[in-house]
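Structure incoming, see below.
Because only heavy atoms are used, hydrogens play no part in the values below, and waters and symmetry mates are left out as well, while side chains stay in.
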Amino acid sequence: MSTPSVLFVCVHNAGRSQMAAAFLTHLAGDRVVVRSAGSAPADTVNPAVVEAMKERGIDISAETPKILTTEAVLASDVVITMGCGDTCPVFPGKRYLDWQLDDPAGQGVDAVRPIRDEIEQRVRDLLAELDIPATT
């Protein structure tokens with residue numbers, strides 16, 4: 001079987017999708033191709049998100065928000081949207097999931113932690129669905 005690919009999409013690609021991509025990369029290693037993007041990417045990743053992920057031993061300080069492209073969607077088996085509404089292109093044959101999550105934009109680390117923890121659990125559930133054991 002080929003390596004599955006997952007694309008996480010949120011509006012700014014500065015919080016939720018960055019955390020999800022980081023958790024999936026951390027837990028699956030090279031067994032999953034991981035992408036993240038935003039329909040209207042911010043200039044930088046949310047500092048509170050960087051700090052919350054650092055608490056879990058995952059450094060995303062070097063990540064930068066990326067623009068959502070049709071190519072990224074076409075190259076992905078699973079597209080997970082997080083509050084980007086109708087701005088995400090839909091193509092036949094792709095699996096789409098919409099994760100309803102609070103937006104960490106403008107929030108402090110205390111508010112980001114529960115969002116981070118929910119994303120981690122959803123990523124672990126996704127790995128189980130893909131039949132890929134988490135490494136940690």
Side-chain angles (χ1 to χ4, degrees):
M1 181 180 141
S2 64
T3 305
S5 59
V6 177
L7 170 64
F8 294 102
V9 182
C10 66
V11 176
H12 301 298
N13 190 220
R16 295 166 289 189
S17 56
Q18 290 283 353
M19 287 190 282
F23 274 125
L24 186 54
T25 299
H26 180 72
L27 296 169
D30 60 3
R31 295 170 295 159
V32 178
V33 175
V34 182
R35 297 176 182 87
S36 72
S39 52
D43 293 330
T44 59
V45 174
N46 180 334
V49 167
V50 172
E51 185 61 34
M53 293 301 288
K54 198 174 288 181
E55 292 175 357
R56 288 297 174 86
I58 301 173
D59 182 5
I60 63 170
S61 61
E63 295 297 326
T64 55
K66 294 167 276 308
I67 186 73
L68 176 64
T69 65
T70 301
E71 292 75 24
V73 177
L74 288 172
S76 301
D77 300 310
V78 181
V79 179
I80 299 174
T81 57
M82 305 170 184
C84 68
D86 297 331
T87 61
C88 301
V90 176
F91 296 98
K94 302 291 173 193
R95 179 174 174 209
Y96 290 88
L97 300 172
D98 185 48
W99 289 357
Q100 298 292 322
L101 297 160
D102 291 333
D103 188 347
Q107 303 290 323
V109 176
D110 288 343
V112 172
R113 285 186 188 112
I115 301 168
R116 173 202 64 199
D117 295 346
E118 183 173 350
I119 289 171
E120 180 181 11
Q121 187 55 57
R122 288 178 185 229
V123 167
R124 288 180 180 277
D125 293 346
L126 176 66
L127 280 170
E129 287 174 32
L130 295 172
D131 202 25
I132 297 172
T135 56
T136 55

Could you tell me whether the side chain of Trp99 reaches within less than 4.5 Å of the side chain of Val123, counting heavy atoms only?
-> yes
How many angstroms lie between atom CZ of Arg16 and atom CD of Gln100, to the nearest 0.5 angstrom?
->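 Answer rounded to 0.5 Å: 9.0 Å.
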N/O donor-acceptor pair under 3.5 Å between Lys66 side chain and Pro41 backbone | no
Write out all pairs satisfying side chain to side chain donor-acceptor pair (under 3.5 Å) with one or both partners inside residues 19-32, taking only residues at least two apart or from two chains.
->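 Sorted pair list comes back empty.
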Any chain of hydrophobic side-chain contacts (each under 4.5 Å) joining Val33 to Leu24?
->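 Different hydrophobic clusters.
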Mind checking side chain to side chain donor-acceptor pair (under 3.5 Å) for Asp117 and listing every partner two or more places apart, or none if nothing turns up?
-> Arg56
Which atoms form the tightest heavy-atom contact between Ala28 and Leu127, and what is the distance?
->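 Heavy-atom minimum between the residues: CB-CD2, 3.7 Å.
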Is the number of heavy atoms from other residues, nucleotides or ligands within 6.0 Å of CG (Asp131) greater than 12?
->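 Counting neighbours around CG of Asp131, 12 or fewer heavy atoms of other residues, nucleotides or ligands fall under 6.0 Å, so no.
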Treat each ILVMFWY residue as a node, draw an edge where side-chain heavy atoms are under 4.5 Å apart, and state whether Leu74 and Tyr96 are in one component.
-> yes
What heavy-atom pair brings Asn13 and Cys10 nearest, and what distance separates the two atoms?
->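 The pair with the smallest heavy-atom distance is N-SG, 3.4 Å.
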Measure from the side-chain N and O atoms of Thr135 to the backbone N and O of Leu27, and report whether any donor-acceptor pair falls under 3.5 Å.
->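 Here the side-chain-to-backbone pair exists.
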In this structure, CG of Leu7 is separated from CD1 of Ile80 (nearest 0.5 Å) by 8.5 Å
Could you list the residues that satisfy side chain to side chain donor-acceptor pair (under 3.5 Å) with Ser5, not counting sequence neighbours?
->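 Expected list: Asp77.
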Looking at Ser76 and Ala72, what are the two nearest heavy atoms and their distance?
->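 Looks like OG-O, 2.7 Å.
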Tell me, please, which residues at least two apart from Asp59 pass salt bridge (charged side-chain N to carboxylate O under 4.0 Å, His left out).
->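 None.
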According to a 4.5 Å side-chain heavy-atom criterion applied to Ile, Leu, Val, Met, Phe, Trp and Tyr, with indirect links allowed, do Val32 and Leu97 form part of one hydrophobic cluster?
-> yes
All salt bridge (charged side-chain N to carboxylate O under 4.0 Å, His left out) counterparts of Glu51, not counting sequence neighbours | none
Please name the pair of heavy atoms, one in Ser17 and one in Met82, separated by the smallest distance, quoted to 0.1 Å.
->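 Shortest heavy-atom contact: N-SD, 3.7 Å.
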To the nearest 0.5 Å, atom CG of Asp103 lies from atom CG of Asn46 at 8.5 Å
Enter the distance from Met53:CE to Ile60:CD1 here, rounded to the nearest 0.5 Å.
-> 5.5 Å
Distance in Å, Thr44 OG1 paired with Gln18 CD, rounded so as to fall on 0.5 Å steps |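 Those atoms lie 10.0 Å apart.
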Interatomic spacing from CZ in Phe8 to CG in Leu68 - rounded to 0.5 Å =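 CG of Leu68 is found 14.0 Å from CZ of Phe8.
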Indicate every side-chain donor-acceptor pair of residues 106-116 with a distance under 3.5 Å to a residue at least two apart or in another chain.
unit_1: Asp110; atom_1: OD1; unit_2: Arg113; atom_2: NH1; d: 2.5
unit_1: Arg113; atom_1: NE; unit_2: Glu55; atom_2: OE1; d: 2.8
unit_1: Arg113; atom_1: NE; unit_2: Glu55; atom_2: OE2; d: 3.2
unit_1: Arg113; atom_1: NH2; unit_2: Glu55; atom_2: OE2; d: 2.6
unit_1: Arg116; atom_1: NH1; unit_2: Ala52; atom_2: O; d: 2.8
unit_1: Arg116; atom_1: NH1; unit_2: Glu55; atom_2: OE1; d: 3.0

